[in-house]
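One structure is given here, and the rest of the page talks about it.
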There are 2 protein chains.
Amino acid sequence: MSKPGYHHGDLESALLQGAVNRVRLVGAEKVSLRAIAGDLGVSPSAAYHHFPDKDALLTAAGFAAIDKLADQQELALSMISVIGVHGALARFRALGRSYVDFALNEPHLFRLAFGEHCVIPDAIDSEAPTRAWTILTAALDELVNEGLLKFEFRQKSEILVWSAVHGVATLILEGKLPPEAADDLFDSLAHMLGLDHE
Amino acid sequence: MSKPGYHHGDLESALLQGAVNRVRLVGAEKVSLRAIAGDLGVSPSAAYHHFPDKDALLTAAGFAAIDKLADQQELALSMISVIGVHGALARFRALGRSYVDFALNEPHLFRLAFGEHCVIPDAIDSEAPTRAWTILTAALDELVNEGLLKFEFRQKSEILVWSAVHGVATLILEGKLPPEAADDLFDSLAHMLGLDHE
DNA sequence: AAAATATCTATACAGTGTAAAGATACCGAC
DNA sequence: GTCGGTATCTTTACACTGTATAGATATTTT
């Protein structure tokens, strides 16, 4: 499936992977199609049989990055096996931490994923909600089920929590807030949602 | 100061203004230095006597955009002359609205202002806080003075509020949340800060 | 007035995305 | 199997980009 002949075999996914790698290293604005093609030992024009243009390839890479974030979040969740109240709280916090950590550890992928590429039209009431959204709602559901979050606040909590966590992640990333701001924010969120002690 | 001779007279600020205009229209990634120079009837190389490279010019344009946002916020604030409790609440909300409106009305300027250009190192406890920060803290101070916001929550409210508003603005801008999410967020924030009725 | 300096132009070069045409390998129909 | 069609890849070419270098022109200093 990856024999080096005239035909590559699976150039499409190879290009995508190459694009992700390059973006990861130097950022989306500085990756060149020719470099990605060069890495694969392939002519620059070859890409045009699999993607309409460079922008489309980067967009695909961006969606891959979104998926990587979701993977990381699920991994972070899976590492907390505690059940009950403490588990729900720990998972809630871990969700925020993994989000911010991804932004700081993979700044270029994070920027691509949430930049002007990868614009999802009307996501929240879309019929195919994004994985990140599903993960978040599940965590909030757990908080409600444990009696930690009042049901009447749940709906609007979705927007508040995602916005706040995404905001603090990007503001730290772009140097507008110091790294400690993340934990402060988590404290505030937990407190204001009424998730404090016990 | 702007006579069309061999020497332009004030090329530096003209370039900056031209850069802002072009970014506003097509986005930072698609502006070319040559186009900006062309608009001014000037050779492409001329810019290099005023900015080290294209990136520096865009960065300067980004800081100009940050200033435009602050202008817009102050303008929004100035239009609310009510004093007392209701005034404090209205100003708090107007601050959020103008932030989100700027993002939606000037998406390209907003992206540039908060993108990887214009990275301010360690902003929050910097000795020269940004105007946006000053404006926000003033609004929160007013809430405290009016007895609407408990003093013990003020400090962390700064981070929470800015993060949430910035987050919802970018998530709406990039199609991850619907436009109505902004008002929902303001409601949540007001409610959770204890700023509800009366 | 002459010399020094700042500002701008002209030219050139390497690198970019991508369109067009030709080469090569695969795949299904006979 | 063989043949033709098609998908895939290469070659070549073009317009465009940022920017380095060297020369022209105006301004400022002496």
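Labels below follow one simple rule: chain letters A, B, ... track the order of the sequence lines, proteins then strands, and each chain is numbered from 1.
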Please determine if A:K68 and A:E106 form a salt bridge, counting it only when a charged side-chain N lies under 4.0 Å from a carboxylate O.
no

What parts of residues 49-59 of chain B reach DNA chain C, counting only heavy atoms under 4.0 Å away?
B:H49, B:H50

Could you give the [atom1]-to-[atom2] distance, from [X] to [N], as a whole number of Å?
| X | N | atom1 | atom2 | value |
| --- | --- | --- | --- | --- |
| B:Y48 | C:dT11 | OH | C1' | 15 Å |
| A:L11 | D:dT10 | CG | C1' | 12 Å |
| A:D10 | C:dC26 | CG | C1' | 15 Å |

I need the B:E142 CD to B:F92 CZ distance, nearest 0.5 Å.
11.5 Å

Under the salt bridge (Lys or Arg N to Asp or Glu O under 4.0 Å) rule, collect the residues that match up with A:K156, sequence neighbours excluded.
B:D187

With B:E74 via salt bridge (Lys or Arg N to Asp or Glu O under 4.0 Å) - residues at least two apart:
B:R131

A:D101: partners by side chain to side chain donor-acceptor pair (under 3.5 Å), with sequence neighbours left out:
A:R97

With sequence neighbours left out, what residues match B:D53 under side chain to side chain donor-acceptor pair (under 3.5 Å)?
none

Could you work out, with ring pair (Phe, Tyr, Trp, His ring centres under 6.0 Å) as the rule, every residue matching B:F102, not counting sequence neighbours?
none

With sequence neighbours left out, write down each residue that passes ring pair (Phe, Tyr, Trp, His ring centres under 6.0 Å) with B:F186, or none if nothing qualifies.
none

Run A:L173 and B:F114 through side chain to side chain contact (heavy atoms under 4.5 Å, CB included) and show every step you take.
CA-CA 10 Å; A:L173 180 57; B:F114 293 99; over 6 Å; no

Sequence neighbours excluded and cut-off under 3.5 Å, please list the side-chain donor-acceptor pairs for residues 29-36 of chain A, or say none.
residue: A:S32; atom: OG; partner: A:A35; partner atom: N; Å: 2.9

Can you pull out the residues from residues 13-31 of chain B that lie within a 4.0 Å heavy-atom distance of DNA chain D?
B:V31

Are A:H117 and A:F63 near enough that their ring centres are under 6.0 Å apart?
no

Let me test you: for the helix from C:dA1-D:dT30 to C:dC30-D:dG1, what is the angle between the axes at its two ends (five pairs each), rounded to 10 degrees?
10°

Please list, pair by pair, any protein nitrogen or oxygen found under 3.5 Å from a nitrogen or oxygen in nucleotides 11-14 of chain D.
residue: D:dT11; atom: O4; partner: A:S45; partner atom: OG; Å: 2.8

Do side-chain atoms of A:R111 reach the backbone of A:G27 as a donor and acceptor pair under 3.5 angstrom?
no

Other members of the hydrophobic cluster containing B:L75, with the 4.5 Å side-chain heavy-atom rule, please.
B:M79

